[in-house]
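Structure, as structure tokens:
Throughout, protein chains are lettered first and strands after them, A, B, ... in sequence-line order, and every chain is numbered starting at 1.
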Amino acid sequence: MTISISRRRLIMSMSALGLSGLLAPSVLAQTAKAKLVVIGGGFGGATAARFAKRLLPSLSVTLVEPNANYVACPFSNLVIGGLRSIEQQTFSYGALSAEGITIVRAMARDVDAAAKIVTLDNGTTLNYDRLILSPGIDFRWDALQGYDQAASEQLPHAWKAGAQTELLRKQLQAMDDGGVVAISVTAAPFRCPPGPYERASLIAYYLKKNKPKSKLLILDSNEKFSKQGLFTTSWKNLYGDMVEWRAASNDGRVNRVEANSKTLHTDFESLKADVANIIPPQHAGVIAQRVRAASDSGWCPINATTFESTLVPNVHVIGDASIASPMPKSAFSANAQAKVCAIQIVRLLTGLDAEATTLANTCFSYVAEDKAISVSGVYSNEGGQFANMPGAGGVSPADLSISFQQQEAAQAADWFKAITGEAFS
Amino acid sequence: MNRPLVDASLALVLGLMFIALASCSTAVSNKSGAMPDLSTGVSQAAVLSSVCTGCHTSGGSAKALVSLQDYSANLLQRKLLEYKNEADGATVMHRIARGYSEQQIVLIADYVSAQNQIQSAGK
């Protein structure tokens with residue numbers, strides 16, 4: 001302890017005098033060979049890879065991602081509402097390659113945590129000193145009766161952006177006026193807590209404009225939801241009686257679906273929808289389960305200060321896959337966690353202790369084309385635990401003025417540019 | 001953006017200076033114990049400031065969110081303290097600034113303005 005503190009002081013003092021580039025020889029020998037592998041090229045993984053490489057250019061950084069492009073979930077509800085193209089959601093990894101990050105287009109199949117080796121689906125292996133898992137979510141296809149991958153071609157989840165987003169959009173376009181759109185929301189925790197309700201808002205926006213006799217029903221497995229007061233008020237003000245929300249205790253929980261007839265079964269009712277969007281049960285991406293970084297909950301417990309798995313050493317988990325509550329599973333959280341995690345990994349690789357800090361999150365949700373609401377939080381990650389900073393955070397004011405909502409929509413648009421820029425461009 | 005922040009080079013000659021410098025470090029540390037260390041990307045100031053850039057770019061085409069590139073340390077510190085202390089403020093920045101201590105705000109303001117200077121010097 002004494003040694004590490006004095007070494008830290010040493011390096012801090014050096015940098016205070018502008019000698020930040022200098023590290024002890026033993027550290028130098030370690031870092032010259034250091035290898036970081038990042039699994040998953042979303043907001044978490046791409047951002048972490050870039051920050052780690054910038055902080056420590058001698059570090060070998062490899063990003064493992066099966067897809068050639070990333071299709072962003074934030075703002076994809078605007079695509080469903082007809083307000084944005086899927087191309088505007090699509091990002092390549094060209095900027096990362098240009099910065100010296102090795103992009104391996106493959107799926108990680110397994111990790112030998114003892115030997116620190118990742119095996120890819122093409123049979124090749126990658127050694128690492130530190131591994132960042134940022135696999136996002138996968139669906140628990142077995143968890144909602146009748147809802148498997150084949151069923152999702154008729155009842156889209158659209159909870160990973162791309163073809164599914166476009167499928168839901170097309171189904172809404174093809175629906176007759178007077179139809180019933182149903183959204184089934186799984187029990188928390190799931191990716192993007194306000195996402196189902198933003199989606200409801202933007203589908204209602206589309207329906208009101210194009211198919212005003214239609215109805216939108218949200219069947220919820222939860223009793224309450226993110227920004228509930230603000231959403232409910234907005235729905236009433238903007239869409240009248242078009243949107244109906246049913247809590248779990250009000251027979252809202254869908255427990256079985258029939259894909260061919262688009263029928264959703266709750267405890268007491270069967271509802272035939274014209275378009276049904278199923279937001280299904282989720283867990284951390286499959287690779288996290290393989291690595292055994294996920295607990296029985298399906299999500300990955302971590303030390304909040306370092307983001308290192310509490311189950312598998314030298315493996316750090318960020319983004320939706322991690323258990324970071326009260327930080328939500330959002331792109332903003334993943335981005336903030338990626339930067340803090342990259343810095344802590346570089347600190348550890350260069351002989352410094354990890355340092356607790358303060359993180360923040362903001363989730364903007366559109367309620368119409370040019371109106372949005374927001375929720376923010378500020379979090380300490382001291383002592384390996386996340387905690388809300390008292391007195392901070394909260395939602396947009398309840399007495400929503402139109403101009404305030406328009407301002408937040410404009411802020412949301414800037415946020416999307418900033419965060420995708422930091423991750424991909 | 002590609003500037004090496006922790007460079008793997010070493011001048012051994014400077015080794016003897018270290019002990020003397022280490023004693024200076026207490027003099028420049030602030031109340032929170034964090035070092036006002038603006039030159040390295042792994043300092044507490046850098047970690048705190050890393051969250052800002054999820055929304056605020058340094059340059060570019062932002063309209064509703066300010067770009068950080070034009071902020072001096074004094075101006076940024078004053079703005080953040082205003083956000084923190086305006087009790088009836090309702091914007092996202094009010095809600096966020098309330099979660100940061102005054103010392104953290106000083107670190108962020110100093111770090112961001114130091115990065116601005118590094119960036120403009122690089123142009």
Side-chain angles (χ1 to χ4, degrees), chain A residues 6 9-25 28 31-32 51 54-58 99 332 335-336 339-340 343-344 346-347 350 352 355 357-360 362 374 376-379 389 391-394 396-397 404 407-408 410-411 413-415 417-419 421-422, chain B residues 1-12 14-15 17-26 28-29 34-44 46-48 50-57 60-67 84 90-101 104:
Chain A
S6 58
R9 271 198 171 177
L10 211 72
I11 293 170
M12 288 307 188
S13 318
M14 287 155 59
S15 37
L17 289 185
L19 305 172
S20 62
L22 310 178
L23 293 169
L28 197 134
T31 57
F51 267 73
R54 276 178 209 158
L55 289 166
L56 194 59
S58 64
E99 289 167 6
F332 194 118
N335 168 273
K339 291 180 279 192
V340 175
I343 291 171
Q344 299 313 327
V346 169
R347 288 182 69 89
T350 53
L352 297 166
E355 254 187 354
T357 190
T358 300
L359 297 92
T362 298
S374 65
S376 296
V378 184
Y379 316 94
M389 291 302 291
S396 319
F404 196 93
Q407 219 179 320
E408 294 215 319
Q411 290 170 3
D414 278 353
W415 164 76
K417 275 184 236 158
I419 196 170
E422 207 163 54
Chain B
M1 272 314 237
N2 291 319
R3 182 180 161 269
L5 294 169
V6 179
D7 187 26
S9 67
L10 179 70
L12 286 167
L14 294 170
M17 292 169 65
F18 290 168
I19 297 156
L21 297 179
S23 62
C24 300
S25 67
T26 42
V28 290
S29 72
M35 311 294 290
D37 173 15
L38 311 177
S39 51
T40 148
V42 300
S43 63
Q44 181 61 221
V47 188
L48 287 168
S50 73
V51 175
C52 309
T53 54
C55 286
H56 298 279
T57 58
S61 57
K63 295 183 191 104
L65 299 174
V66 298
S67 163
K84 178 179 168 63
T91 68
V92 168
M93 272 315 301
H94 286 98
R95 290 176 245 153
I96 287 180
R98 285 180 196 126
Y100 289 82
S101 69
Q104 286 177 320

Quick check for you: among A:G377, A:S374, A:G421, which has the greatest number of heavy-atom pairs under 4.5 Å with chain B?
A:S374

Return the option, out of A:V378, A:D414, A:T358, A:I343, with the maximum number of heavy-atom pairs under 4.5 Å with chain B.
A:D414

Identify, with sequence neighbours excluded, every residue that meets side-chain hydrogen bond (donor to acceptor under 3.5 Å, both in side chains) alongside A:T362.
A:S376

Please give me the minimum heavy-atom distance between A:A360 and B:Y100, naming the atom from each residue.
CB-OH, 3.8 Å

Are the side chains of A:L352 and B:V42 in touch, meaning some heavy atoms are under 4.5 Å apart?
yes

Segment of A:Y379 engaging chain B (4.5 angstrom heavy-atom cut-off):
neither

Taking every non-hydrogen atom, the tightest pair across A:W415 and B:L65:
N-CD1, 3.7 Å

Find the distance between CD (A:E355) and CG (B:L48) and round it off to the nearest 0.5 Å.
9.0 Å

Using every non-hydrogen atom in the two residues, find where A:K339 and B:G54 come nearest and quote the distance to one decimal.
NZ-N, 3.3 Å

Residue selection (most heavy-atom pairs with chain B, distance under 4.5 Å) from A:A336, A:S396, A:G391
A:S396

Pick from A:G394, A:P397, A:A410 with the largest number of heavy-atom pairs that fall under 4.5 Å of chain B
A:G394

Side chain to side chain contact (heavy atoms under 4.5 Å, CB included) between A:K417 and B:K63: does it pass, once the steps are laid out?
CA-CA 11 Å; A:K417 275 184 236 158; B:K63 295 183 191 104; 4.1 Å; yes

Where is the tightest heavy-atom contact between A:A418 and B:C55, given as atom of each residue plus distance?
CB-O, 3.1 Å

Could you list the residues that satisfy side-chain hydrogen bond (donor to acceptor under 3.5 Å, both in side chains) with A:Q344, not counting sequence neighbours?
none

Step by step, work out the side chain to side chain contact (heavy atoms under 4.5 Å, CB included) result for B:V92 and A:E408.
CA-CA 9 Å; B:V92 168; A:E408 294 215 319; 3.7 Å; yes

Shortest non-hydrogen contact between B:A64 and A:Q411, atoms and distance:
CB-N, 3.6 Å

